[in-house]
Amino acid sequence: MEYNHQDIEKRWQQYWRDNNIYKVDVDSSRPKFYVLDMFPYPSGAGLHVGHPLGYIASDIYARYKRQNGFNVLHPMGYDAYGLPAEQYAIQTGQHPEITTVSNINNYRSQLDMIGFSFDWSREVRTCDPEYYRWTQWAFIRMFNSYYDLDADKAMPISGLVERFAANGTERVNAAATKPMRFTAAEWNAMSEREQADVLMNYRIAYRGETMVNWCPALGTVLANDEVSEGLSVRGGHPVEQKLMSQWCLRVSAYAPRLLSGLDTLNWSESLKETQRNWIGRSEGAEINFKVAGQDLNLEIFTTRADTIFGVTFMVLAPESKYVPLLTTPEQKPLVDAYLDEVKHKTERERQIEKRVSGVFTGSYAVNPLTGQNIPVWVSDYVLAGYGTGAVMAVPAHDSRDYAFARHFDLPIVPLIEGADVSEQSFDAKEGIMMNSKGPKLDLNGLTVKEAIARTKQFIEAEGIGRVKVNYRLRDAIFSRQRYWGEPFPVYYKDGMACMLPESELPLQLPAVDSYLPTEDGQPPLGRAKDWKTKEGYPIEVCTMPGFAGSSAYYLRYMDPHNSEALVGKEANAYWRNVDLYVGGAEHATGHLIYSRFWNKFLYDLGVVAEPEPFRKLVNQGMIQGRSNYVYRIKGTNTFVSKGLKKDYDTTPIRVDIGMVDNDVLDTEAFRKWRPDFADAEFILENGKYVCGYAVEKMSKSMFNVVNPNDIVERYGADTLRLYEMFLGPVEQSKPWDTNGIDGVNRFLRKLWSLFDNADLASDAPMTPQEAKTVNKLVKKVTQDIENFSYNTSVSAFMIAVNELSSMKSRNRQAMDIITRLIAPFAPHIAEEFWHRLGHDTSVVDAAWPEVDESALVEDTVKYPVSFNGKTRFSIEVPAGSDKAAVEQAALADPNAAKWLDGKQPKKIIVVPNRIVNIVL
RNA sequence: GCAGAAAUGGUGGAAUGGUAGACACGAGGGACUUAAAAUCCCUUGGCCGUUGAGGCUGUGUGGGUUCGAGUCCCACUUUCUGUACCA
């Protein structure tokens, strides 16, 4: 009988659906295992063959774990809010939900074809009100919490209010936007409005006046991870800095825990490193410089406290609050002009220019160690968002300060012996200090490291500064001036932000007549009718960003229909966290930081049991497209085959890969493709037109998209699954190349015919050869799955099937074991075999086979024999021979004399079961 | 610039420090066929030689450790990914 994949796959998919095979429930009698894929944003283009790569890998693991007796949670859902649907809505006026739902349906039908073991009864969609009510709920909880640095966790803001009322800020150690000091009396004397403003300074979800990435083209602000090189990640539009009042999440308060938590995770080193860099811990000191002639301290942050004797000027960020305070009347026109210039530059322009610019404020600061007056400048090379937005400039030992000093002809004082600073600064943190002696502190002769420690100690003792750990991680900006997102459960009462009661959640996204901003520049929600509370207070018109809905979805899967809580205690206590998370590395600084933050916040609240959401994480590689090119001779309509193009002056043109088979162009199809190619002429080689190729991103515009549906239709889902795994290591990026798929398909057909020929009536034991082949396979596949090395597993299956066919094996036991082994990879064909073997339950629950080691025992062992490390011949000795016997056998071999060449071996090395090396 | 990963045939890729190139594609040759498809068999890193003969060389470059290195160490080159005036 022929292998008819279409019939088999349709039939068993139906069987799985009808019997709810993939539905799971809490079952405390079995250990749990949680396998999760990063849920997709359902784009209009649908899935291409690159998307399922990670899903297939995780599905194999999920099925494998299930066959090993685990209760496996393996859900799927959709990250349904996003810009493309909204942009489409703006163009067409169609509600983004309509597009989104139709895209979701398309995704679902594509996913279903591939035979995944998802429990669809747990599906979540971020745009579903029953889902986003818990996103809103978490936001309210964040608003009602502050981060207590002594307890090192989030605490209810009501506790902080009590402490303020009793003792003011005394002994309060809380993460804050800006430091505050007041007494209980002062607190109690404040108006409600003033108190609300103070509390905003401490809330974990707060409204803050901050520098934001404003993208005029998209009409919204963006988070740092949504901006790359001064352009928006989505769309590539320029982004500029703007001071705006926005909702923010105090992610920075969690920076130390987000950093230290990484050590407990089984993630790739490169991904952890990316997060470490993003969090950006740096140890240094904050030092106060008095401003000459004013009662004002200029506070700076530095990691190089040792270089304080080389400070020849100070620099403020243009946005620094110190700028207006330090600008003297004479310098004001110049400073204002400079600030104006900087403001009109986008972040991108700033980065591209890299021109040294700046202006003197007219004020001087006093070096606390030397008492010298040093000028204070303003320049855009200092960032307002990092440290205190002001630096002490040490041109001799910092390249940026050096460039600035050179440009404005400021003095450069070297502080490290032997450092030549005539051409460039000496930035390395090594060497012996010099020129560093003041009235109270002498660093000369110390190493840089010693000097840093000594200086820190000194400034703390003298009260001119303090040791400080700084983080690069910024608070997340949480407002988006867009329509298609979660509405904030926030209304404004006399200008004060208030939360809706949790009982009124979800606050549903209202209908609007257009998805554009209002005429007075309000976000689209400004158009919603009756967008106010029962009492008539206006509701927030911004929506939440994309990462809001994806930050806790893994928790909702545990208990998706719970109407009382995000996740019930019992469900959470059982499923705990994700054991294996598979997804793209591009989320390293976005979703994977926010999720960890969100989880830690809920952990502080006692809502979830685990401090980290994702224990093991695997980043699947990208599958790139493989585009084909034809070569048109310039000025003609004649196309020359790739091998001959060097003789002509040609222009490469991309062609649709649908017209190309194994790089050979279907010339007739090409003529029909476009009217201007209708009369195309071809110069062939060996009667064929051979196309060139290039590895590029898979996209419609490059005509290189391969649709998984087409593959499934032609070869079957099992072939697709095996082939995607066979392509190479899951973590690695690689181009898609349909050319190799025949090999995998051939393998499945061979397996099929092997099975078709198996003598199903007999239950004879396996022959020793059969047992060896089968047990070798069990061992290899088990190891490979544990190591996520699926490509070598597929090879192992091919080898085993070849061996069995050449043995003309007809053994039922062997087929039983192979069926169970291949079930995670090729579930449809395995299910078919399983039922033919007479089982009436699904292969999904068939026990994973164990290795019968006794079948693998060999009678003889083969040793390669090397002379001075070069292998010359091999010998076979009885298994269990001792070293001396192996040595003897090697020397006694007829081949040995030739290589010994009459010499005595100096040494003979025998590595058991490995090699004999004879050293001459 | 910084950080991380990588570099092996025509291609995708295998190799717990132990016979490099498994497995697959592609290519070449052959069998079956009126023919094609499908299927099966043989060859396939390079060089020299042979036709039951084998040898040399070979994992980006240069060093090192080791009886033995694709694998470990040092330096360099190139590529990919992330990040970037972070003081």
Side-chain angles (χ1 to χ4, degrees), chain A residues 2 224-225 228-230 268-278 280-282 284 300-304 307 315 317 350-351 353-354 356 379-383 385-394 397-401 403-404 427 470-474 585-586 588-589 619 621-622 624 626 662-663 693 722-723 726-729 731-744 746-747 749-750 753 783 789 791-799 802 805 862-874 905-911 913-920:
Chain A
E2 276 289 294
N224 281 350
D225 67 282
S228 175
E229 295 182 357
S268 75
E269 207 38 55
S270 73
L271 187 67
K272 286 200 221 177
E273 202 53 36
T274 303
Q275 288 216 342
R276 285 192 193 107
N277 289 339
W278 191 258
R281 181 182 198 271
S282 76
I300 58 93
F301 175 76
T302 181
T303 55
R304 292 297 301 273
T307 58
V315 189
R350 244 176 158 177
Q351 283 178 8
E353 278 185 23
K354 289 217 166 157
V356 177
S379 171
D380 65 358
Y381 84 85
V382 175
L383 303 177
Y386 186 75
T388 60
V391 301
M392 62 177 215
V394 186
H397 302 291
D398 182 284
S399 52
R400 296 152 302 180
D401 298 344
F404 195 82
D427 290 14
N470 230 322
Y471 292 90
R472 199 182 78 109
L473 186 68
R474 304 261 62 87
E586 67 272 18
T589 53
N619 288 124
M622 295 261 283
Q624 294 131 304
R626 190 176 186 280
N662 266 343
D663 287 344
Y693 72 89
L722 281 168
Y723 184 57
F726 184 66
L727 227 39
E731 295 91 335
Q732 202 169 299
S733 289
K734 57 232 153 189
W736 176 266
D737 182 358
T738 308
N739 293 341
I741 202 165
D742 288 319
V744 170
R746 214 166 278 155
F747 154 74
R749 293 206 305 266
K750 238 183 245 178
S753 68
Q783 266 171 18
S789 171
N791 55 331
T792 51
S793 274
V794 178
S795 295
F797 278 116
M798 290 177 176
I799 294 169
N802 277 339
S805 349
K862 206 170 166 188
Y863 279 90
V865 180
S866 309
F867 289 81
N868 293 335
K870 270 206 175 313
T871 305
R872 297 302 179 183
F873 58 90
S874 63
K906 279 195 192 116
K907 193 156 84 169
I908 301 180
I909 292 145
V910 176
V911 183
N913 299 319
R914 284 270 164 220
I915 199 167
V916 183
N917 190 20
I918 298 170
V919 186
L920 294 176

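Everything numeric in this text was worked out from a predicted model, so none of it was measured. So that the names make sense, note that chain A is the first sequence line, chain B the second, and so on, each numbered from 1.
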**Report entry** Upstream residue (5' side of RNA chain B) when A:E273 and A:N917 are each assigned their closest nucleotide
**Finding:** A:E273
Report task. Classify the ring geometry between A:W736 and A:Y723 as parallel (under 30°), tilted (30 to 60°) or perpendicular (over 60°). Result -> perpendicular
Query raised in the report: Taking the C1' atom of each, how far is B:G17 from B:C67, in whole Å?
Result: 12 Å
Report summary line: Residues A:L271 and A:A588: closest non-hydrogen pair is CD1-CB, 3.2 Å
Report task. Classify the nucleic acid contact of A:L727 as base, sugar-phosphate or nothing, counting any heavy atom under 4.0 Å across all strands shown. Result -> sugar-phosphate
Requested in this report: Taking atom P in both B:U8 and B:U83, compute the distance separating them and give it to the nearest angstrom.
Outcome: 26 Å
Query raised in the report: Between atom CG in A:L920 and atom P in B:G68, what is the gap in whole Å?
Result: 12 Å
Query raised in the report: Should the ring pair A:F404 and A:Y381 be called parallel, tilted or perpendicular, given that the plane angle runs from 0 to 90° and is split at 30 and 60?
Result: tilted
Query raised in the report: On a whole-Å scale, what distance lies between the C1' atoms belonging to B:A24 and B:A14?
Result: 11 Å
Query raised in the report: What's the shortest heavy-atom distance between A:V911 and A:Y863, and which atoms?
Result: O-CE2, 3.5 Å
Please enumerate all protein N or O atoms sitting under 3.5 Å from an N or O of nucleotides 22-25 of chain B, with distances to 0.1 Å.
from	atom 1	to	atom 2	distance (Å)
B:C25	OP1	A:R746	NH1	2.4

Requested in this report: Please name all residues satisfying salt bridge (charged side-chain N to carboxylate O under 4.0 Å, His left out) with A:R474, sequence neighbours left out, ordered by chain then number.
Outcome: none
Query raised in the report: With a 4.0 Å cut-off on heavy atoms, is A:E586 in touch with a base, just the backbone sugar-phosphate, or nothing at all?
Result: nothing
Query raised in the report: Taking the side chain of A:R472 as its heavy atoms from C-beta onward, which of B:G82, B:A84, B:G4 lies nearest to it?
Result: B:A84
Report task. Verify the contact: side-chain N or O of A:Y386 to OP1 or OP2 of B:A87, cut-off strictly under 4.0 Å; return yes or no. Result -> yes
Report task. Please work out whether B:G30 sits syn or anti, treating a glycosidic angle within 90° of 0 as syn. Result -> anti
Report task. Could you tell me whether A:P729 contacts a base, only the sugar-phosphate backbone, or nothing, with contacts defined as non-hydrogen atoms closer than 4.0 Å? Result -> sugar-phosphate
Check nucleotides 49-56 of chain B for protein N or O atoms closer than 3.5 Å to its own N or O atoms and list the pairs.
from	atom 1	to	atom 2	distance (Å)
B:C56	OP2	A:R872	NH1	3.2

Query - Atom pair CG/CG of A:D398 and A:D427 - distance to nearest 0.5 Å - result: 5.5 Å
Query raised in the report: Ignoring hydrogens and geometry, is there a side-chain-to-backbone donor-acceptor pair from A:D401 to A:V394 under 3.5 Å?
Result: yes
Report summary line: Note, RNA chain B 5' to 3' with Watson-Crick or G-U pairs under 3.5 Å encoded as ( ), [ ], | and . gives (((((((..(((.....[....)))((((((.......))))))((((.....))))..(((((..]....))))))))))))....
Query raised in the report: If only side-chain N and O atoms of A:S282 are considered, is one of them under 4.0 Å from the OP1 or OP2 phosphate oxygen of B:A87?
Result: yes
Report summary line: The answer to which of A:G869 and A:T589 contacts RNA chain B further toward the 5' end, by nearest nucleotide, is A:G869
Report summary line: Nearest heavy-atom contact between A:N802 and A:K750 is OD1-NZ, 3.0 Å
Requested in this report: Using atom CZ of A:R626 as one end and atom P of B:U11 as the other, report the distance to the nearest whole Å.
Outcome: 11 Å
Query raised in the report: When we call it a touch if two heavy atoms are under 4.0 Å apart, what does A:R749 touch: a base, just sugar-phosphate, or nothing?
Result: sugar-phosphate
Query raised in the report: Taking only residues two or more places apart in sequence or in another chain, which ones pass salt bridge (charged side-chain N to carboxylate O under 4.0 Å, His left out) with A:E269?
Result: A:R276
Query raised in the report: Which one, B:U19, B:U83, B:A14, comes nearest to the side chain of A:S874?
Result: B:U19
Requested in this report: Calculate the interatomic distance between A:E731 atom CD and B:G82 atom C1'; express it in whole Å.
Outcome: 17 Å
Query raised in the report: B:U57 and B:A7: how far apart are their P atoms, nearest whole angstrom?
Result: 25 Å
Would you tabulate the pairs of protein nitrogen or oxygen atoms and nucleotide nitrogen or oxygen atoms of nucleotides 5-9 of chain B closer than 3.5 angstrom?
none

Query raised in the report: Between A:L920 and A:N868, which heavy-atom pair has the shortest distance, and what is it?
Result: N-OD1, 3.0 Å
